[in-house]
Visitor: 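Dropping a structure here in structure tokens format, bear with me for questions.
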Amino acid sequence: MRYYQKFIAAILIISALSSCKKRKDVTADCSPNSPTVRKVTNAQATIKKDQGKYFIIEKGSIDSKLNPCALPEEYQINDFSITVSGDVKETHQSNICCTENFLITKISK
């Protein structure tokens, strides 16, 4: 009987772990393990959607945008005002000019 209970428990655990959904808020090309080049602390910013991707634009920024490594779904709204803190990561510019990868540590409405 004990063997049966352990077997059922193992199946339930495996089922629960395998049914986890992939997070939709994680950006695969962000490189969150890159070195930090600057910190952002309680900055006023706006979420902007551009060509299907969401970026964070710091208040007062002229041509720079932050590419969030993980932006929660409830913040994926174009022209949404936020307060944000996090780490700007070393980013090698490719096709998108003036975009820096950004690891959010705190975000609020």
Side-chain angles (χ1 to χ4, degrees):
M1 187 70 168
R2 288 187 94 161
Y3 175 76
Y4 180 73
Q5 290 173 335
K6 287 181 182 179
F7 180 73
I8 295 297
I11 288 178
L12 290 174
I13 290 170
I14 291 170
S15 295
L17 292 175
S18 66
S19 66
C20 292
K21 293 181 181 178
K22 184 177 177 183
R23 290 179 55 174
K24 294 179 182 178
D25 60 349
V26 175
T27 304
D29 61 348
C30 186
S31 303
N33 296 324
S34 298
T36 299
V37 294
R38 73 179 170 96
K39 291 206 175 269
V40 173
T41 306
N42 294 325
Q44 298 298 310
T46 304
I47 305 288
K48 293 286 187 181
K49 187 174 183 179
D50 183 22
Q51 297 179 7
K53 289 185 73 174
Y54 289 94
F55 296 96
I56 297 173
I57 310 298
E58 294 176 87
K59 186 175 184 178
S61 174
I62 297 171
D63 62 353
S64 176
K65 52 187 174 181
L66 302 174
N67 176 29
C69 295
L71 184 63
E73 281 190 60
E74 64 263 27
Y75 292 96
Q76 294 179 14
I77 303 168
N78 193 40
D79 291 326
F80 191 63
S81 295
I82 59 167
T83 301
V84 69
S85 297
D87 300 326
V88 178
K89 298 301 192 171
E90 180 178 77
T91 307
H92 301 286
Q93 299 299 322
S94 56
N95 297 342
I96 305 172
C97 174
C98 312
T99 301
E100 299 173 292
N101 292 332
F102 184 62
L103 181 62
I104 298 170
T105 56
K106 181 180 170 188
I107 187 169
S108 61
K109 301 175 186 182

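The first residue of the sequence shown is numbered 1, and numbering continues consecutively from there.
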Visitor: Any salt bridge between Glu58 and Arg38, counting N to O under 4.0 Å?
Guide: yes
Visitor: Measure the spacing between NZ of Lys53 and CG of Leu71 and express it to the nearest 0.5 Å.
Guide: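 Between atom NZ of Lys53 and atom CG of Leu71 there are 11.5 Å.
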Visitor: Decide whether Lys59 and Thr46 meet the rule of one side-chain donor and one side-chain acceptor closer than 3.5 Å.
Guide: no
Visitor: Could you tell me whether Lys65 and Asp50 make a salt bridge, using a distance below 4.0 angstrom between a side-chain N and a carboxylate O?
Guide: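 Salt bridge present between Lys65 and Asp50.
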Visitor: Looking at side-chain heavy atoms only, is the closest gap between Phe102 and Asp87 below 4.5 Å?
Guide: no
Visitor: What do the steps show when you test Phe80 against Lys109 for side chain to side chain contact (heavy atoms under 4.5 Å, CB included), and what is the final call?
Guide: CA-CA 8 Å; Phe80 191 63; Lys109 301 175 186 182; 3.7 Å; yes
Visitor: Look only at the side chain of Ser85 and the backbone of Asn42, and say whether a donor-acceptor pair between them is shorter than 3.5 Å.
Guide: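 Such a contact is found between Ser85 side chain and Asn42 backbone.
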Visitor: My understanding is that only one of Asn101, Asn67, Leu66, Val37 makes a side-chain contact (heavy atoms from CB on, under 4.5 Å) with Lys89; could you say which?
Guide: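 Filter result, single survivor: Asn101.
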Visitor: What distance separates Lys49 NZ from Tyr54 OH, expressed to the nearest 0.5 Å?
Guide: 3.5 Å
Visitor: Quickly, which of Asp79, Asn78, Ile56, Ile77 forms a side-chain contact (heavy atoms from CB on, under 4.5 Å) with Ile47? Name it, please.
Guide: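 Of the listed options, the one satisfying the test is Ile56.
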Visitor: Any side-chain heavy-atom pair from Val88 and Val40 closer than 4.5 angstrom?
Guide: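 With C-beta onward as the side chain, the pair touches.
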Visitor: One pair to check against side chain to side chain contact (heavy atoms under 4.5 Å, CB included): Val84 and Lys106. What are the steps and the verdict?
Guide: CA-CA 6 Å; Val84 69; Lys106 181 180 170 188; over 6 Å; no
Visitor: Keeping Glu100 on the side-chain end and Thr91 on the backbone end, is there a donor-acceptor pair under 3.5 Å?
Guide: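 It does not hold such a pair.
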Visitor: Which value, rounded to the nearest 0.5 Å, describes the distance between Ser64 atom OG and Phe55 atom CZ?
Guide: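 Answer rounded to 0.5 Å: 11.0 Å.
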Visitor: Measuring from Ile104:CD1 to Cys69:SG, what's the distance to the nearest 0.5 Å?
Guide: 8.0 Å
